[in-house]
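Reminder, nothing fancy here: chain letters follow the sequence lines and each chain counts from 1. No hydrogens, no waters, no symmetry mates; every other heavy atom, side chains included, goes into these values.
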Amino acid sequence: MEPHYHPRAIEPQVQKEWAEARVFNAPDASPKPKYYCVSMLPYPSGKLHMGHVRNYTINDALARFLRKRGMNVLMPMGWDAFGLPAENAAMANGVAPAKWTRENIAYMKQQCQSMGWSIDWSREVATCDPSYYRWNQWFFLRLWEKGIVYKKTGVVNWDPVDMTVLANEQVIDGRGWRTNAIVEKREIPMWYMKITQYADELLDSLDALGWPEQVKQMQRNWIGRSYGVEFTLPYAPETAKRMDDGKPGLNVFTTRADTIMGVTFAAVAAEHPLATEAAKGNAELATFIEQCRKGGVQEAELATMEKKGMPSGLYVLHPFTNEKVEVWVANYVLMGYGEGAVMGVPGHDERDFAFAKKYGVAIKQVIDSGVPYSMDAWKPEYDAPGRNVNSGKYDGLAQDAAIDAVAKDLHAASLGMKRVQYRLRDWGISRQRYWGTPIPMLYCEKDGIVPVPEKDLPVILPEKVEITLTGGSPLGRVPEFVNATCSKCGGPARRETDTMDTFVDSSWYFYRYTDAHNDRAPFDGKIAQYWFPIDQYIGGVEHAILHLIYSRFWTKFMRDLGMITNDEPAERLFTQGMVIKDGAKMSKSLGNTVSPDEMVARYGADAARLYSLFAAPPDRDLDWQDSGIEGIQRFLGRVYRFFVKNPTGAVSPALAGALQATPEARAIQRKLHQTIKRVSDDFQGRWHFNTCISAIMELVNVLYAAEDAIAKKTVPPAFLAEVQRNLVLLLAPFAPYLAHELWEMLGEKEALLRAPWPKYDAELAKEEEIEIPVQVNGKLRSRITVPADSEEAFVLERALADEKVKAAIAGKQVIKKIYVPGKLVNLVVK
RNA sequence: GCCGGGAUGGCGGAAUUGGUAGACGCACGGGACUCAAAAUCCCGCGGUGGCGACACCAUGUGGGUUCGAUUCCCACUCCCGGCACCA
């Protein structure tokens, strides 16, 4: 009977050891431990899935590796409401809304511990706990005081049958997910955060961040700073009579002021006041506006839908020519972006061109981009920069000069000026759901909007609430919650029933980790100053935009409040790829999860961890397949059996180094040191754990191949012990349980966790002979073996003397010889 | 539609700065051990042609740069993520 490794036997001991090794909150500790933080957290009502496991495993392997290199690591973890099923996702999975119970949390802890994660449990942060609500609400009041949070009308998806607001995810092909009713847009008052106030800083400070370039690029594009000109198209006289908005005309923004002479129409959003006015006494237009209001509010939808428009019958004047320009109502103009109105230049904007073609609006060429202009079909060159034509005094100007001239003239006419525009919009944080932090605001008939006084915080969620998924906010149906007293006049007041977006929770939870039990403030600024910024933040690439912008914004706001001194939450960011299953990201809302429970029960925690690391590099998406984990289990058994079959006992490194190496021993030694180098490099440089593991596998394969020599003692036992010791150390970050067991078998007394990472010795890793491929005209023709330190002339001489090479160049003239030292020879012949 | 990323054997992936394409593992085939099976150990394994030595083809598609391209450039196809209420 072959010996078998029982993966669970040693687990409690390993967990205890790691628990003892963790670093506690200690501003006086020196040197400062690295602060690692994981962005995605499990939720207690559901189950961990392999997506989570991978995330933590990456962190954990890294933490173990760093500890071996003498660095301390703080790797906290908490229970975050993001990752918790909102009512919608809960329903989709047939799970009732979660309750945060001690049992649930204990269950999650136990699951995480069975994976051997090195988590600092003292820093548990449950963002849906009233103690966390309290600080969310505390921040809300600060934001209110500073004027960062404000209330305005926003557009949401409305299911007319369930009478409730739907998330974009719940709108399927324009219909409600439960009712199949056509979803409408509805304007409701909502709370917003003025994130745009920080747009410039959010954009400019990206450059210095040690974040992946792709994430920084996505954020730059998302913020979308553009320089342009804002100006007024004055109302035509009869329009001016009808418009009573107190404005002299229609405000528009453009980045292409150089094309202003090509304006042949203007377009406004369906919600624009001008459209509302025009619809009076125009039934057809009113119907069209009503249609535009229905349908989803997703940007992707807006971008792909058919561009439709209708003339409003109202006119504005061209600011320079005073020609009448008709205003259209168009479904592609967004009220929430810019002014909700745009100038139409069909000659040099692809969308306007298509629009003009469709509705017979005039097209006018005013830019010459060097290609012949035809109004029959759009060409990509039409919107390229060029020189102005048909533009009166601007003719002949290049783009920048034309924009400057136009802006100057508009300014002189008091009609407009240069302005910066952002794509970024303010952050709407209102949710009409039960699950979330209640917004601490009161509505008093006498005093209007009144904040809940700080002493009354936290406003907590009522316990007995029926989640019906219909009829709007569940909190609105709880009179005990809604009915309150005005803190100013003491009269009756109505409580705000919106809850906060859970992105609010995730925007600052990592600060709370540093001081998780503080009941006087969200956290102590001194402690936060010690830990922040986070040395390394790890999270899924799907968070590249929203979460990572909101949390940066939150950091900047807290800095302005004087709570912290850092400008950015995380110095370095690592975005792991997602775990893909059945062609889509593994997530609880999609339900395509794989349970680590079963994996651990069947193959052991080591195998589950190792497999999630081996299957793909962590920055890349991992296509989850159940096959393959057996190979990993086989590998672990192979390592274990090698130690059982070749017991050697502990040995001092000095002794092993002094041994006279036989050729067989030398080969193993060389492979060992090459492996140490590969594992160390791939670990710290790129975090490519999959290649680390394959390198260790190769080493084990070499050991098995040398079994005869080992049996014959050609490889001295003391030498072998040294190899085994290093093998355990290399394996420790990936398979801690097995490593601990082997460490004990070797008779080591020191804790494995504290044993330093093996040292790479370049001399010992050096090959005596190397194989050089020889190419002729770039095609591989032969390989030659030469001493590793050969000179170029010698290698070339040997290459030319090779029989196969001779045959390949026979009758031809060698015109160039290329030698890449230690890599290859290429002979160019004619 | 826009922004970001990806595509390499039957499969997951490797090739770190432009230098031997396919490391390592899975699956599959063969062998050893066994009464037999499992487990284990060893060997083979991109395609086409050839008994073979070997030759040719091959990194999503089509072009380009280079002595040499999975890697750089241009154009395209498909897939994944994000697009502001999944979090």
Side-chain angles (χ1 to χ4, degrees), chain A residues 1-2 4 40 80-86 88-89 92 154 156-157 165-171 213-215 217-218 220-222 224 297-305 336 351 424-428 430-433 501-503 505-506 540-547 549 577-578 580 583-585 587-590 611 614-617 620-625 627-632 634-635 637-638 641 681-682 685-686 688 690-691 693-698 701 704-705 707 771-780 783 804 815-818 820 823-829:
Chain A
M1 180 84 181
E2 290 285 338
H4 279 278
M40 189 170 65
D80 195 315
F82 97 96
L84 180 128
N88 50 13
V156 293
N157 299 306
V165 176
L166 296 183
N168 285 336
E169 198 186 39
Q170 294 168 312
V171 180
E213 198 46 52
Q214 50 154 318
V215 172
Q217 195 53 46
M218 278 191 267
R220 283 187 198 110
N221 295 338
W222 184 259
V297 292
Q298 292 175 54
E299 189 180 317
E301 225 172 293
L302 292 168
T304 49
M305 72 190 178
R351 195 175 56 182
L424 183 72
R425 305 204 293 260
D426 280 342
W427 175 18
S430 280
R431 296 291 179 272
Q432 296 71 39
R433 298 186 195 288
D501 182 2
T502 51
F503 271 127
D505 304 329
S506 57
V541 68
E542 70 270 23
H543 290 302
I545 299 292
L546 295 180
H547 165 59
I549 287 207
M578 283 153 295
I580 303 286
K585 73 166 173 174
S587 77
K588 54 261 167 198
S589 62
L590 293 173
Y611 182 56
F614 181 64
R620 192 169 147 149
D621 287 351
L622 162 63
D623 194 352
W624 185 267
Q625 297 182 337
S627 65
I629 188 162
E630 283 171 29
I632 291 292
R634 216 171 287 160
F635 164 70
R638 212 166 137 83
R641 279 191 302 277
D681 287 355
D682 282 356
R686 307 192 300 166
H688 278 201
N690 57 330
T691 54
I693 294 164
S694 75
I696 298 172
M697 285 173 169
E698 281 183 48
N701 290 347
Y704 267 82
E707 271 199 311
E771 196 183 61
I772 302 279
V774 183
Q775 297 180 337
V776 175
N777 286 346
K779 288 207 172 213
L780 182 68
R783 293 183 173 92
K804 288 180 198 163
I815 52 174
K816 201 173 175 188
K817 300 172 194 164
I818 295 157
V820 183
K823 284 278 171 85
L824 104 171
V825 170
N826 188 15
L827 303 170
V828 185
V829 301

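Set against C57(B), A7(B), A21(B), the side chain of Lys779(A) has C57(B) as its closest nucleotide. Nearest nucleotide to the Arg641(A) side chain, out of A84(B), C85(B), C41(B): C41(B). Proximity note for Arg620(A) (side chain, C-beta onward) versus A21(B), A7(B), G4(B): the nearest is A7(B). Closest approach to the Ile545(A) side chain among C85(B), G82(B), C67(B) is made by G82(B) (side chain taken as heavy atoms from C-beta onward). Checking G4(B), C24(B), C80(B) against the side-chain heavy atoms of Ser694(A) singles out C24(B) as nearest. Among C26(B), C85(B), C54(B), the nucleotide with an atom closest to any side-chain atom of Asn157(A) is C85(B). With G81(B), C26(B), A15(B) as the choices, the nucleotide that has an atom nearest any side-chain atom of Glu542(A) turns out to be G81(B). Relative to the side chain of Asn168(A), the nucleotides C3(B), A84(B), A23(B) differ in distance, and A84(B) lies closest. Counting only heavy atoms from C-beta on, Pro617(A) has its side chain closest to A14(B) among C83(B), A14(B), C85(B). Comparing A87(B), C24(B), G12(B) against the side chain of Gln625(A) picks out G12(B) as the nearest.
The partner of U70(B) cannot be assigned: no Watson-Crick or G-U wobble pair with both contacts below 3.5 Å exists in any strand. Pair assignment for U65(B) gives none, since no Watson-Crick or G-U wobble pairing has each distance under 3.5 Å. In a base pair of the Watson-Crick type (N1 to N3 plus N6-O4 or O6-N4) or a G-U wobble (N1-O2 and O6-N3), with each distance short of 3.5 Å, C76(B) is matched with G60(B). Of the nucleotides present, G82(B) is the one that pairs with C2(B) by Watson-Crick or G-U wobble criteria, both distances under 3.5 Å. Using N1 to N3 plus N6-O4 or O6-N4 for Watson-Crick, or N1-O2 and O6-N3 for G-U wobble, each under 3.5 Å, C28(B) pairs with G44(B).
No contact: Ala544(A) has no heavy atom under 4.0 Å from any strand. Among the atoms of the strands shown, base atoms are found under 4.0 Å from some heavy atom of Val165(A). Nucleic acid contact class of Phe614(A) (heavy atoms, under 4.0 Å, all strands): base. Among the atoms of the strands shown, none is found under 4.0 Å from any heavy atom of Gly577(A). Using a 4.0 Å heavy-atom cutoff across all strands shown, Gln775(A) reaches at least one base atom of the nucleic acid. Looking at heavy-atom distances under 4.0 Å, Thr304(A) makes contact with a base. When heavy atoms are screened at a 4.0 angstrom cut-off, Lys817(A) is found touching no nucleic acid atom at all. Ile693(A) comes within contact range of no nucleotide atom at all, as no heavy-atom separation falls under 4.0 Å. When heavy atoms are screened at a 4.0 angstrom cut-off, Asn701(A) is found touching the sugar-phosphate backbone but no base atom. No engagement by Trp427(A) is indicated, since no non-hydrogen atom pair under 4.0 Å with the nucleic acid exists.
A distance of about 38 Å separates the C1' atoms of C28(B) and U17(B), rounded to the whole Å. Across C42(B) and C78(B), the matching P atoms stand 46 Å from one another, rounded to whole Å.
For Asn221(A), no side-chain nitrogen or oxygen approaches OP1 or OP2 of C2(B) to under 4.0 Å. For U16(B), neither phosphate oxygen OP1 nor OP2 lies less than 4.0 angstrom from any side-chain nitrogen or oxygen of Arg686(A).
Side-chain atoms of Asn826(A) and base atoms of C67(B) include a donor and an acceptor less than 3.5 Å apart. In terms of polar N and O atoms assigned as donor or acceptor, the side chain of Gln432(A) comes within less than 3.5 Å of the base of C85(B) in a complementary pairing. Counting atom types as modelled, Arg220(A) pairs no side-chain N or O with a base atom of C3(B) as donor and acceptor under 3.5 Å.
Within the 4.5 Å cutoff, the side chain of Arg634(A) has heavy atoms near those of the Glu630(A) side chain. A 4.5 Å side-chain heavy-atom check between Trp427(A) and Phe503(A) finds at least one atom pair inside the cut-off. In this structure, the side chains of Asn701(A) and Arg638(A) come closer than 4.5 Å at one or more pairs of heavy atoms. Side chains of Ile632(A) and Met697(A) form a contact here, defined as non-hydrogen atoms less than 4.5 Å apart.
Within 90° of 0 lies the glycosidic angle of G9(B), which makes this nucleotide syn.
Using a 30° and 60° split on the angle between ring planes, Trp624(A) and Tyr611(A) fall in the perpendicular class, above 60°.
In this structure, Ile696(A) CD1 and Thr691(A) OG1 are separated by 10.0 Å, a value rounded to the nearest 0.5 Å.
Where Arg634(A) and Thr691(A) each meet RNA chain B at their nearest nucleotide, the meeting point lying more 5' is that of Thr691(A).
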